[in-house]
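In what follows, a structure is listed as structure tokens, so that the remarks can point back to it.
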Amino acid sequence: MSKLIGPFKEAITLADASLKGPLNDSALGIVENAGVLIEGEKILKVGDFDTLKAQASQVEEIAGEQILLPGFIDCHTHLVWGGTRARDYTLRMAGESYEKILQQGGGIFDSVEKTRAASPEDLKSGLIKRASRHLMDGVTTIEVKSGYGLDVENELKILEVVKDSKEDIVADLVPTCLGAHVCPKEFSDKKEFLKYLENDLLPQLLTKGLTNRVDVFVESSAFPMEMAADYLQKAKSMGFDLTIHADQFHVGGSQIAAELGARSADHLEASTDREVQILANSDTVAVALPGASIGLGMNFTPARKLLDAGASLAISTDWNPGSAPMGDLLVQAAILGIYEKLSSAEIFAGITFRAAQALGLADRGKIIDGLRADLVSFPVNDYREILYNQGKIKPCMIWKNGNQVSHV
Ligand code: NIG
Ligand code: FE
């Protein structure tokens, strides 16, 4: 039983776009008058709509001119939190630095206090609300980090909320443990805290099936390089995939990411040519987080340099209550693109298959035979309108696992 959807004015398939390096817009892999033949959750075939009609047992014709893209993938978020950080934002607008607010016991610590105090029900409803908004913006796969618990009980609470929310959320959630976000106030020794996570938290994540991904904030104000590397090495030997908050304020994290074969190194606002080269020579995906640059009033990740050096570049929101409260992937990708001089193909690759690579997911991110039928369609007649409108034009149709999502 196969279903044909279309005809789309254009499908941006990204079929032959490479995992690493610069892309020009011939890599968009545009198919005109496109139809997508879907069987179950997967794409069976992509091609000319009228030709594919003969093979379809069912045809769902769309209304008006539309441009089809792979469903977007946000490979770095912190979507489970309690409270608000409007106070921090106001302080930052007045010139206070993010790191100083953190050193004074605010910032991430503020969210930890509110998240620890929140019930699982309240955290779940916040997560569902944010993930639903993301889905309506075309995001069909969302990575979600813990990291506002900072003790075994609360880190488990957050990751259990993610697990329990899966049946209420259409987008796929990919959980990650960021227990090593900062050292909580009850520990005076960072090394001791990391030992505690290693011994008391990480094994439980595996036995309870909560996540197979571990993240660390590598920064002197959080966890310095060597300490972080030891912890990550331990996590790796237990079978975890690694991802790292790297080079946000000072360099160091990207080198560890490359050395340990992390799936991704995220942030990179402070990366110099040396770190760019290290990442380009590795299989670690560089993840730009323009929402954090906008939220902190800081430089953007050197996306152009990373691509030109040969790195793989994903773009993600970092949606969190502190540094990146906006959480709008398309707006942020379009803004990064104009500042960093990226091609449309580089931007779309960054929020689709290159982001999938950062999550270790080989089954999504392009519109090609055999991949998951996660699709997003915009009510425009030229793909260039989508980024040009900087997120103001929203998707008009979305499919997750081959099923059309309602209420768009
Ligand atoms: O990715 N830099 C560290 N962690 C988060 C921010 C967390 C927060 O400020 O609450 C980030 O920017
Ligand atoms: Fe983050």
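Counting starts at 1 for both ligands and their atoms, following the listed order. As a basis for the values below, the full set of heavy atoms in this structure was taken, side chains included, without hydrogen atoms, waters or symmetry mates.
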Taking it one step at a time, do Q103 and S221 satisfy side chain to side chain donor-acceptor pair (under 3.5 Å)? CA-CA 7 Å; Q103 276 156 18; S221 54; 5.6 Å; no
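Between the Fe ion (ligand 2) and the N, O or S atoms of H76, the shortest distance is to NE2. Within H245, the N, O or S atom at minimum distance from the Fe ion (ligand 2) carries the name NE2.
Near Y148, meaning under 4.0 Å from one of its heavy atoms, ligand 1 places the atoms 7 (C), 8 (C), 10 (O). Of all the atoms in ligand 1, the ones that sit under 4.0 Å from a non-hydrogen atom of H181 are 3 (C), 4 (N), 5 (C), 7 (C). Listed by number with element, the atoms of ligand 1 under 4.0 Å from a non-hydrogen atom of I108 are 7 (C), 8 (C), 9 (O), 10 (O). Atoms of ligand 1 found under 4.0 Å from any heavy atom of S323, numbered from 1 in the order shown, are 6 (C), 9 (O), 11 (C), 12 (O). Residue contact check: H245 has heavy atoms under 4.0 Å from atoms 1 (O), 2 (N), 3 (C), 4 (N), 11 (C) of ligand 1. The ligand atoms of ligand 1 that sit less than 4.0 angstrom from a heavy atom of H267 are 1 (O), 2 (N), 11 (C), 12 (O).
Between R116 and D151 there is a salt bridge, since at least one side-chain N of the basic residue sits less than 4.0 Å from a carboxylate O of the acidic one. With respect to D189 and K191, no salt bridge is recorded, no charged nitrogen being found less than 4.0 Å from a carboxylate O. Using a cut-off of 4.0 Å between Lys/Arg side-chain N and Asp/Glu carboxylate O, E160 and K163 are scored as not salt-bridged.
Among the atoms of D318, an N, O or S atom falls under 2.8 Å of the Fe ion (ligand 2). With a cut-off of 2.8 Å, the Fe ion (ligand 2) has an N, O or S atom of H78 in range.
Residue K124 is tested with I128, L127, D122 for a side chain to side chain contact (heavy atoms under 4.5 Å, CB included); the sole match is I128. Among K166, R364, E143, the single residue meeting the side chain to side chain contact (heavy atoms under 4.5 Å, CB included) criterion with D172 is R364. Results of the side-chain hydrogen bond (donor to acceptor under 3.5 Å, both in side chains) test with E219 over Q248, H250, H267 single out H250 as the only residue that passes. Each of R133, K392, R130, K394 was scored for a salt bridge (charged side-chain N to carboxylate O under 4.0 Å, His left out) with D328, with one residue passing: K394.
Looking at atom 11 (C) of ligand 1, its nearest protein heavy atom turns out to be D318 OD2, 3.1 Å. For atom 2 (N) of ligand 1, the nearest protein heavy atom (residue, atom name, distance) is Q248 OE1, 2.7 Å.
Here the two rings, on Y196 and F187, have centers that are under 6.0 Å apart.
Checking S111 against R85 by side-chain atom types alone, a donor-acceptor pair falls below 3.5 Å.
Heavy atoms of R85 come nearer than 4.0 angstrom to ligand 1 in at least one pair. For W81, the closest heavy-atom approach to ligand 1 does not fall below 4.0 Å.
Across F109, Y98, F217, W319, heavy-atom proximity to atom 6 (C) of ligand 1 is greatest for Y98. Heavy-atom proximity to atom 5 (C) of ligand 1, evaluated over K145, H78, H76, is greatest for H78.
Taking the ring axis of Y148 as reference, the NZ or CZ atom of K114 does not stay both within 45° of it and closer than 6.0 Å to the ring centre.
Considering both main-chain and side-chain atoms, S111 never comes within under 3.5 Å of ligand 1 through any nitrogen or oxygen pair.
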